Amino acid sequence: MQPLIGDEVVVDKVDVIVIGAGASGLMCAATAAYRGKKVLLLDHANKAGKKILMSGGGRCNFTNMDAAPKHFLSDNPYFCISALNRFSPQDFVDLVDRHGLEYVEKTPGQLFCEHSAKDILAILLTELDWSGAELKLNTKVHDIEFQDKQTVLKTSQGEFACESLVVATGGLSIPTMGATGLGYDIAKQVGHSLLPTRASLVPITVQPDRKGQLAALSGIACDVSATANGVTFQEPMLFTHRGVSGPAILQITNFWQPGEALSINISPTLSLKDLFDIRQNTPKKSYEGILSALLPKRLVELIKVDFPWLTERSAQTSNEQVECLFQYLANFDISPNGTEGYRTAEVTLGGVNTNEVSSKTFESQKQTGLYFIGEVLDVTGWLGGYNFQWAWASGYCAGLHV
Ligand code: FDA
């Protein structure tokens, strides 16, 4: 870095400073440095890419080959299109292929490391090293001053000046992993508006009077369809000690919030007609036996508390009873009362208003030389590797322009 003599202090000057050595910041810093820019990547944490390491159950679901704008939520749904086109899932796969990463496709399109999320972080740190960008950890940003031709940062490791400042500080989820609201504060400092933030891709907690009953099911999973605000996901749901989780629940929290209607169907493949046909075709069989083939045993035991007649031959049941059972299954009562919040959420909905940021360069329309990338922006993906794809794509595109 080149020292710049200011009025009182010696300031290190670089072309680009990126705040946040997470997924998008690592990608942006390396991309810019490969273009010959002098890049300084700062993070207050003692390690880069902590969320990458804990992602995908430790195996990082690093992209989704089907990633398309429809998998992202934003006040401006068109904002993500350009970057997703310019840096596609295949581009990221090409990168990891060059490093010989072994990976697996779990559900169609969802790519995970074969061994460990550490492999993805190692690739990004190798690229950072090869690009010549400098990484400074344990660096707290105290103050940012936007001057005419440069921006000056006062940090716990000294003062730095740059022509371009990239904010890659992510969202608010998992504060113990280093999440802070610094990116939102910087946005507000230059007059950006923010879309309301809330924890998402997060487990749902249940009301105290239902919690005891459902806690007895803790650890079991079943396929459900979860519907809120007209959106439905058919995926597994997991009962936990405090409520419900699993892919179907995490997905629906992008579309549901406490106080709104949420419908859980625990036998989404079974219609009312199916239930009547079963009675017609196998009159000697009990509905308990029929449900046991579809649902975990402990869940059937819970249903029997409300429907003791399940043990009887189906021929002995009335139409009304069967209809009642169908309604119970199709609208299973989980009595949601909230979410686990930022403590365990995978992402933050909302953030820096994308109507005030260039979708091509990621430069702020409020402050020349200031850029926002990744999750700090009001762009949130579904569960399934989409959020990392957004981090790579936005980081890469900004890296080409800073
Ligand atoms: P990211 O959070 O990665 O990085 C932000 C960086 O900024 C951090 O290094 C932080 O320390 C730093 N920072 C914050 N405040 C700062 C400050 N004041 N000063 C300096 N530095 C500061 N997505 C996906 O696609 N597939 C998956 O498998 C998973 N799995 C997953 C599991 C869990 C448990 C979580 C919490 C999240 C996921 N995600 C995911 C989501 C994914 O991790 C997330 O969307 C991206 O990491 C966002 O990338 P960013 O670069 O925007 O922020």
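All ligand and atom numbering here is 1-based and tracks the order in the structure. Owing to the predicted nature of the structure, the values given are computational and were not obtained by experimental measurement.
Judged as a salt bridge (charged side-chain N to carboxylate O under 4.0 Å, His left out), the pairs with a partner in residues 256-283 (not counting sequence neighbours) are, in order, K273-D277.
With ligand atoms numbered from 1 in the order given, ligand 1 contributes 23 (N), 25 (O), 45 (O) to contacts under 4.0 Å with heavy atoms of N387. Close contacts of ligand 1 with E375, meaning ligand atoms under 4.0 Å from a residue heavy atom, involve 44 (C), 45 (O), 46 (C), 48 (C), 52 (O). Atoms of ligand 1 lying under 4.0 Å from at least one heavy atom of L182, given by number and element, are 17 (C), 18 (N), 19 (N). Per-residue contacts place Y386 under 4.0 angstrom from the following atoms of ligand 1 (heavy atoms of the residue considered): 25 (O). Residue A345 has at least one heavy-atom neighbour below 4.0 Å for each of these atoms of ligand 1: 36 (C). Heavy-atom contacts of K51 reach the following atoms of ligand 1: 2 (O), 36 (C), 43 (O) (cutoff under 4.0 Å).
Between S225 and the options Q234, M237, E235, a side-chain contact (heavy atoms from CB on, under 4.5 Å) holds for only Q234. Test T139, L165, V166, L40 against I19 for side-chain contact (heavy atoms from CB on, under 4.5 Å) and you get one pass: L165.
Considering both main-chain and side-chain atoms, G374 never comes within under 3.5 Å of ligand 1 through any nitrogen or oxygen pair. Geometrically, ligand 1 and G56 share a nitrogen or oxygen pair separated by less than 3.5 Å. Considering both main-chain and side-chain atoms, S24 comes within under 3.5 Å of ligand 1 through a nitrogen or oxygen pair.
The backbone N or O of P308 sits less than 3.5 Å from a side-chain atom of T311, completing a donor-acceptor pair. Panel note: side chain T348, backbone L172; a donor-acceptor pair is recorded below 3.5 Å.
Here N61 has heavy atoms under 4.0 Å from ligand 1 in both its backbone and its side chain. By the criterion of a heavy-atom distance under 4.0 Å, both the backbone and the side chain of S55 are placed next to ligand 1. Proximity of F62 to ligand 1, defined as any heavy-atom pair under 4.0 Å, is not found for any part of the residue. Looking at A48 against ligand 1, nothing comes within 4.0 Å, counting heavy atoms. When non-hydrogen atoms are compared, ligand 1 lies under 4.0 Å from the backbone of A23 as well as from its side chain. Residue I174 touches ligand 1 through its side chain alone, judged by heavy-atom distances below 4.0 Å.
Using a 30° and 60° split on the angle between ring planes, F307 and W309 fall in the perpendicular class, above 60°. Using cut-offs of 30° and 60° on the angle between ring planes, the pair W392 and F92 is parallel. Relative ring orientation between Y396 and F87 is described as tilted, the plane-to-plane angle lying within the 30° to 60° band.
Of the candidates E346, Q389, M27, K140, the one placing a heavy atom closest to atom 31 (C) of ligand 1 is E346. The closest non-hydrogen atom to atom 6 (C) of ligand 1, taken over D185, D43, T180, comes from D43. For atom 53 (O) of ligand 1, the candidate residues are G395, A179, G170, G178; the nearest heavy-atom contact is made by G170.
Of the N and O atoms on the side chains of T232 and T227, at least one donor lies less than 3.5 Å from an acceptor on the other residue.
Here the protein heavy atom with the shortest distance to atom 7 (O) of ligand 1 is G20 CA, 3.3 Å. At the shortest separation from atom 4 (O) of ligand 1 among protein heavy atoms lies G22 CA, 3.3 Å. Shortest contact from atom 25 (O) of ligand 1 to any protein heavy atom: F388 N, 2.8 Å. Taking atom 22 (C) of ligand 1 as the reference point, the nearest protein heavy-atom neighbour is H44 CD2, 3.3 Å.
Legend: residues meeting salt bridge (Lys or Arg N to Asp or Glu O under 4.0 Å) with R210, ordered by chain and number and at least two apart, are D333.
With respect to the salt-bridge test (charged N to carboxylate O, under 4.0 angstrom), the residues K304 and E288 qualify.
Looking only at side-chain heavy atoms (C-beta outward), R343 and T339 stay at 4.5 Å or farther from each other.
Not less than 6.0 angstrom separates the ring centroid of W130 from the ring centroid of Y34.
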